[in-house]
Structures are given as C-alpha cells and as structure tokens.
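Throughout, numbering of the chain's residues begins at 1 and tracks the sequence.
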Amino acid sequence: MDARCWIAIFCTVSLCSFSTAWLYPCKRYGFGSYTIMKQCTLEKVFINQETALYRVFFPPVDLAIYSGYIPSFNEAVAERLSNKTKRLSIMFCGVEDVFLKDTLKSVDLRFNLLSKVQFRSAKALQIWTLHLDYNLLRDASFVQNMEALVILTLSNNIISTLSWNTFRRLRKLVTLNIGGNLIKSIDSEADFKLPALKRLELAENRMEYFELSRLNFQAVRELNVSSNQLLSVNMFHFGRTFPALESVDINHNPWNCGRKHRLEDRMDLKGIRNEKSQIPPRISCHENKLETVALTTPEEVDEITHNFRQLEYVYADQLSGNEAKQRLAMAEERISYLMYDLNATDVAVQKLKQKASHLFQLYNLRTTSRNFNMPS
Ligand SMILES: *[C@@H]1O[C@H](CO)[C@@H](O)[C@H](O)[C@H]1NC(C)=O
Ligand SMILES: *[C@@H]1O[C@H](CO)[C@@H](O)[C@H](O)[C@H]1NC(C)=O
Ligand SMILES: *[C@@H]1O[C@H](CO)[C@@H](O)[C@H](O)[C@H]1NC(C)=O
C-alpha cells in the first residue's frame, strides 16, 4: 500500500464524518455489459473496519474499482452493492477475502491478495465468469458447487494440490485456466468428464507427469502445458482423452527427444497445431536413449487395460438381457472381445520382452564404454 492510500483513507474517514450518506462518485463511465446503464469506474475506494458501512452506497450499475484499499470485501460490504450491479471488477485493492453476492454475474478480482472466497450458497450463485488470477489462493475447492460457471481463471496463485473432482459439477465450464501455480500433478477418481470444456490452460506449473488414464475431455480444442516438467505423455491416453484437440502448446518442458518426436508425429497425423513459442526454448528436448526406451510402454498395455474395463459394461448388458437368445449373443460378443484382448496381450508381452532386451543391451554398452575410458 502506498502513501496515497493512507491519505485517501484519511480523506474517506473525514468525508464520512460530515456527510450522512456517502455515494462513491464515478470517475468515468463506460458501457456496462449487463446493465442498460453504464459501467462506473471508481477510484480510491478505501474500506476498512472503521469505515461506517451504513453510510456507504455503491452506484446501481456495473462497477470497476481500480484503485484503493479494501482488505476485506466481506458480507457487510457486499450488501452495500446494488442488486443492479451484475458485473464487478476490483483490481489492485489488496483484497484478502471476498464475499460473492448472489446477484452478481461476472466477477473479476485479479491482482489482489485473495486467500479466501465466501458466499452464502454456491448453488444460488449466478456467476458465470470468475477471474481470480494473480492472488494468493492455495486451494480451489470453493468452486466445486458453482454450477453456473462458464469461464474460470485461477492462474498465478499458489495452488499446489488439486483434484479434478473439484470441477466435477461444473458441467457448463468452457474455459479453465489454472496456469502459473505450483501444481505437480492433478489426481482424479474414477472416470472424470468435463463435457463442455474447450480450453484448458495448465502452463507454468510443476507437472512432471500428466495423469490421463481416467480423464475424458471430449470437447477440449486448446491445451496449454508449456513450461512444466514433462518428459513424456502416454500416447494412448492422450489420444483417448483429447479426441477433439486442435492446438497444443508443449514448449518449455524437459521432453525426452524420442518421446517428443513421437508426440509431434501424432499431432501431425491428426492435424493438431503444434504452437510455436515466441521465445524458442534453448533446448527443445533431451537425448537419452535409455530413458526413451524406459518411457515407452507398449500402447497395447494401456489399450488392453482400457478394454478390460469396457468389458464390464458388456457383462452388465449380458446379465440384464431378458431373452436367452439375447444373452447368448452378448456372451459371444464378450468372447470375441476377449480373444482380441488376449492377442493384444500377447503382442504387448512380445514388445515388452524386446524392450527389456534393448534396455539390457543399452545398459551393457554404456557400462562397457565407460570401462573403456577408465585409466588402467
Ligand atoms: C436483492 O436481491 C436479494 C437476493 O436475490 C433479494 O433477497 C433482495 O430482496 C433484493 N433487494 C432488492 C432491494 O431488490
Ligand atoms: C501458453 O501459456 C503460456 C504461459 O502462460 C503463454 O506464454 C503462451 O502464449 C500460451 N500458448 C498459447 C498457444 O496460447
Ligand atoms: C493379433 O494381432 C496382430 C497385431 O495386432 C495381428 O497382426 C494378428 O492378425 C492378430 N492375430 C489374431 C489371431 O487375431
């Protein structure tokens, strides 16, 4: 907080002392997105515990507060907002905790010091756009019942642990940005879907591993995993999880060269745009054959695992069939699936054997060449 703030707090307090009701004056009017009336920009809004709130009134239009100091935008302060204010932006005001009013539709609280978000009931909230980037949030679980959300951005906070299940109920979510946090991995229970999600930003985290085996992002078109710690991704699950992908940013990861090329070939084949970085990375991948082999699981293994899981549905269908003929047909279908999977298992075992012998050879070569260089 700079000196200007303190002066203005002083002014606010003295202003309040000689006027009964104090309406924040609009510095500028622009066009609001929701109200027919205009959007009002407020400056130097200072609200602290000593502010006599019953005298404070915000104008009944969309509000943008770009300077001031409001460490606690609590329920009492939120109640001073008009029901007509649908869009609220508060930036650079040192907000540490906020109360979201039920009547708001769009909230932008970027560049504050937020660590706590409160509301009466998540189900009653109408907010569909929520921007909370550049704050001090450690946890994203407060969003889990905000079912109206379409755009959610939580980038550049200090979130380190996250589960996909946090977003399970957000069936309308189209954009999710959780870049610039401290996330190492995101876990999920059972099969996880976000049916409407089109854009997923995970850049600038610490992910060493992108666990995809239980995810299904059928509508995601844009994916950004740049500036993480990824060496490799599982190709089978990558293809299965993101069937509608149009563009991916994979720059600035310590990729294994063999694995990266494989991923790029796959993207080429599927017509997925491989976004180039504006600042090209100094090293685009690391050459390590031993690692390449070790990081390659035969895709058949993942496919079989997936198939076996699917087989349970066929089994359930078989049991629920009424007629004997129908049940028999389902049984035959199961047998043919099993035959296919048995063959695939065989192929996978052969590949694993090859891989093991390849690894063995590489390892032997390495130790022998090292021995060669050793002075006797
Ligand atoms: C404002 O909205 C709340 C919640 O929707 C409602 O309970 C309240 O009566 C409204 N106030 C006015 C003045 O319309
Ligand atoms: C991916 O995210 C990074 C970091 O936020 C950004 O610099 C980059 O432009 C993004 N890539 C694309 C294709 O938008
Ligand atoms: C087993 O799988 C391989 C490779 O997928 C295929 O070429 C072969 O024809 C299959 N054999 C049988 C008996 O299905």
Return the minimal non-hydrogen interatomic distance between [X] and [Y], and the atom names on each side.
{"X": "N228", "Y": "M207", "value": "OD1-N, 3.1 Å"}
{"X": "C285", "Y": "H261", "value": "SG-NE2, 4.4 Å"}
{"X": "E201", "Y": "N224", "value": "OE1-ND2, 3.4 Å"}
{"X": "P254", "Y": "L231", "value": "O-CD2, 3.2 Å"}
{"X": "D133", "Y": "S155", "value": "OD2-OG, 2.6 Å"}
{"X": "I250", "Y": "W255", "value": "O-NE1, 2.7 Å"}

Starting at [atom1] of [X], measure out to [atom2] of [Y] and round the result to the nearest 0.5 Å.
{"X": "R334", "Y": "D341", "atom1": "CZ", "atom2": "CG", "value": "11.5 Å"}
{"X": "Y340", "Y": "N343", "atom1": "OH", "atom2": "CG", "value": "8.0 Å"}
{"X": "S188", "Y": "L215", "atom1": "OG", "atom2": "CG", "value": "5.0 Å"}
{"X": "L100", "Y": "R120", "atom1": "CG", "atom2": "CZ", "value": "11.5 Å"}
{"X": "D139", "Y": "N157", "atom1": "CG", "atom2": "CG", "value": "10.5 Å"}
{"X": "E222", "Y": "K198", "atom1": "CD", "atom2": "NZ", "value": "11.0 Å"}

Please tell me whether [X] and [Y] are part of a single hydrophobic cluster in this structure, the criterion being side-chain heavy atoms less than 4.5 Å apart.
{"X": "L113", "Y": "Y69", "result": "no"}
{"X": "I178", "Y": "Y209", "result": "no"}
{"X": "F99", "Y": "V45", "result": "no"}

Report summary line: The ring pair (Phe, Tyr, Trp, His ring centres under 6.0 Å) partners of F238 (sequence neighbours excluded) come to F242
Report task. Name all residues meeting the ring pair (Phe, Tyr, Trp, His ring centres under 6.0 Å) criterion together with F111; count only those two or more places apart in sequence or in a different chain, and write none if there are none. Result -> F92, Y134
Query raised in the report: Checking side-chain contact (heavy atoms from CB on, under 4.5 Å) for the pair Q218/K193: CA distance, chi angles, key distance, verdict?
Result: CA-CA 8 Å; Q218 64 204 43; K193 284 185 188 150; 4.3 Å; yes
Between the main-chain N or O of [Y] and the side-chain N or O of [X], is there a donor-acceptor pair closer than 3.5 Å?
{"X": "E211", "Y": "S213", "answer": "yes"}
{"X": "R171", "Y": "A196", "answer": "no"}
{"X": "S67", "Y": "K44", "answer": "yes"}
{"X": "N234", "Y": "L212", "answer": "no"}
{"X": "N256", "Y": "N288", "answer": "yes"}
{"X": "N181", "Y": "I183", "answer": "no"}

With a 4.5 Å heavy-atom cut-off, do [X] and [Y] have their side chains touching?
{"X": "I127", "Y": "L149", "result": "yes"}
{"X": "I47", "Y": "R80", "result": "no"}
{"X": "K270", "Y": "L245", "result": "no"}
{"X": "V117", "Y": "L137", "result": "yes"}
{"X": "T103", "Y": "K86", "result": "yes"}
{"X": "K184", "Y": "Q229", "result": "no"}
{"X": "F58", "Y": "L42", "result": "yes"}
{"X": "L63", "Y": "L81", "result": "yes"}

Query raised in the report: Among N177, D108, T153, which residue meets the side-chain hydrogen bond (donor to acceptor under 3.5 Å, both in side chains) test with H131?
Result: T153
Report task. For the pair F119 and N145, evaluate side-chain contact (heavy atoms from CB on, under 4.5 Å) and give the outcome as yes or no after the intermediate values. Result -> CA-CA 11 Å; F119 35 82; N145 290 313; over 6 Å; no
Query raised in the report: So N112 and F73, side-chain contact (heavy atoms from CB on, under 4.5 Å) or not? Walk me through it.
Result: CA-CA 11 Å; N112 282 293; F73 198 94; over 6 Å; no
Query raised in the report: Do R273 and E275 sit within salt-bridge range, that is, some charged N less than 4.0 Å from a carboxylate O?
Result: yes
Report task. Take E43 and T41 through the test side-chain hydrogen bond (donor to acceptor under 3.5 Å, both in side chains) and record every step on the way to the result. Result -> CA-CA 7 Å; E43 281 176 10; T41 301; over 6 Å; no
Query raised in the report: Run the side-chain contact (heavy atoms from CB on, under 4.5 Å) check on D102 and L125 step by step: do they pass?
Result: CA-CA 5 Å; D102 292 350; L125 286 175; 4.0 Å; yes
Report summary line: With F192 as partner, the option from T241, N216, N165, D187 fulfilling side chain to side chain contact (heavy atoms under 4.5 Å, CB included) is N165
Query raised in the report: With a cut-off of 6.0 Å (strictly less than), are more than 12 heavy atoms of other residues, nucleotides or ligands near CZ of R266?
Result: yes
Report task. Return yes when atom OH of Y337 has more than 12 non-hydrogen atoms of other residues, nucleotides or ligands closer than 6.0 Å, and no otherwise. Result -> no
Query raised in the report: Listed by chain and number, what are the side chain to side chain contact (heavy atoms under 4.5 Å, CB included) partners of R240, not counting sequence neighbours?
Result: F236, H237, H306
